[in-house]
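Numbers for residues simply follow the sequence, beginning at 1. Counting starts at 1 for both ligands and their atoms, following the listed order. Computed from heavy atoms alone, side chains included, the values below leave out hydrogens, waters and symmetry copies.
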Amino acid sequence: MKRIAILTSGGDAPGMNAAARAVVRKGINEGLEVFGIDYGFFGLVTGKIRKLELGSVGDLLHRGGTFLYSARYPEFATEEGQLEGIEQLKKHKIEGLVVIGGDGSYHGAEALTKRGFKAIGVPGTIDNDICGTDFTIGFDTALNTVLDALDRIRDTATSHERTFIIEVMGRDAGDIALWSGLAGGAEAIIVPEQDFNMDDVVNRLEQGRKRGKKHSIIVVAEGVMSGNEFADRLAEYGDYHARVTVLGHVQRGGSPTAFDRVLASRLGARAVELLLENRGGLAVGIRENKIVENDITEVLKETHVLDRSMLNLASILSI
Ligand code: F6P
């Protein structure tokens, strides 16, 4: 293999730049020519392909977002889109592709591999909902952003003896809510993976009040319902007029943490090694601090499982 390319796709995540930097520099170090594709699969199909040099990824390691831009492009699910994408790659004599993104991006990488083009998936999403890896690039940074907000809100919540609801990202996955809730001592953590009962939530708040707690924080993953809707439902219980903070896309930006930069560097470099071994149809990941690779189709078949023991622990500790 002489020429490889890289793209980022779907929702961006802090550390995507660090992963792209690793692909470019590891690739060049191994004697490859590396190309960047702007705007994810949309850019692939429309030929937005440019050569990258060592300097193209300078000053990027600490930056959030993705210098290759990103896009959601459901049209890549069609045969027409995939064939056009492969045509573009062939035109540039590119033989391998690294795809950094989440579930949708992995489907694109899988489709290319099924059509005989070698692609490797690198998990980049703040949601931490990709299988075959303990952590996705961007999750740790997003988690720390949420935690910082939660700590700040706790200060003002205590001063005014208020209940706060913090709506965090996670359409289908509750990891951001779960980890930030545990790290920030939230009184209740509401996630898509587990049904909740408002009576139980109110009982917990009551218990806290009785023992003299000065604040209550409820973290709600957006996939369950909005923070405002949750507040309305809570208000039906009388004495609970909660303030709501919606963290939104703040969670997607910012300088990646050391953890995310190291993870991104290791995963990006491994993706290049796999292409050099002439292998495709794989997704890289980290398991027990070891870099691993798994068949991308198998990874896509699995569903990310929320660690319910952490949810139980949070409810014991934040009583
Ligand atoms: O996939 C990451 C994610 O941040 C989800 O948690 C969120 O629901 C979604 O992306 C929102 O993305 P966008 O506003 O870019 O469509």
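- At the shortest separation from atom 14 (O) of ligand 1 among protein heavy atoms lies His249 NE2, 2.8 Å.
- Residue Gln251 places every heavy atom at 4.0 Å or more from ligand 1.
- Applying the side chain to side chain donor-acceptor pair (under 3.5 Å) rule to pairs touching residues 283-297 yields Glu110-Thr297, Asp134-Arg287, Arg266-Asn289, Arg270-Glu293, sequence neighbours excluded.
- Each of the following atoms of ligand 1 lies closer than 4.0 Å to a heavy atom of Ile126: 4 (O).
- Close contacts between ligand 1 and Gly170 involve ligand atoms 6 (O) [criterion: under 4.0 Å to a heavy atom].
- The number of heavy-atom neighbours closer than 6.0 Å to CZ of Arg279, taken from other residues, nucleotides and ligands shown, is above 12.
- Looking from atom 11 (C) of ligand 1 to the surrounding protein, the closest heavy atom is Arg252 NH1, 3.5 Å.
- Protein heavy atom at the shortest distance from atom 6 (O) of ligand 1 is Asp127 OD1, 2.8 Å.
- Taking atom 13 (P) of ligand 1 as the reference point, the nearest protein heavy-atom neighbour is Arg72 NH2, 3.5 Å.
- Relative ring orientation between Phe135 and Phe139 is described as parallel, the plane-to-plane angle staying below 30° on a 0-90° scale split at 30° and 60°.
- Within the 4.0 Å heavy-atom criterion, the part of Glu222 lying near ligand 1 is the side chain and not the backbone.
- Annotation: salt bridge (Lys or Arg N to Asp or Glu O under 4.0 Å) contacts involving residues 28-37, sequence neighbours excluded, comprise Arg3-Glu33, Lys26-Glu30, Glu33-Lys51.
- Stacking of Arg204 on the aromatic ring of Tyr237 is not recorded, the 6.0 Å distance cut-off and the 45° axial limit not both being met.
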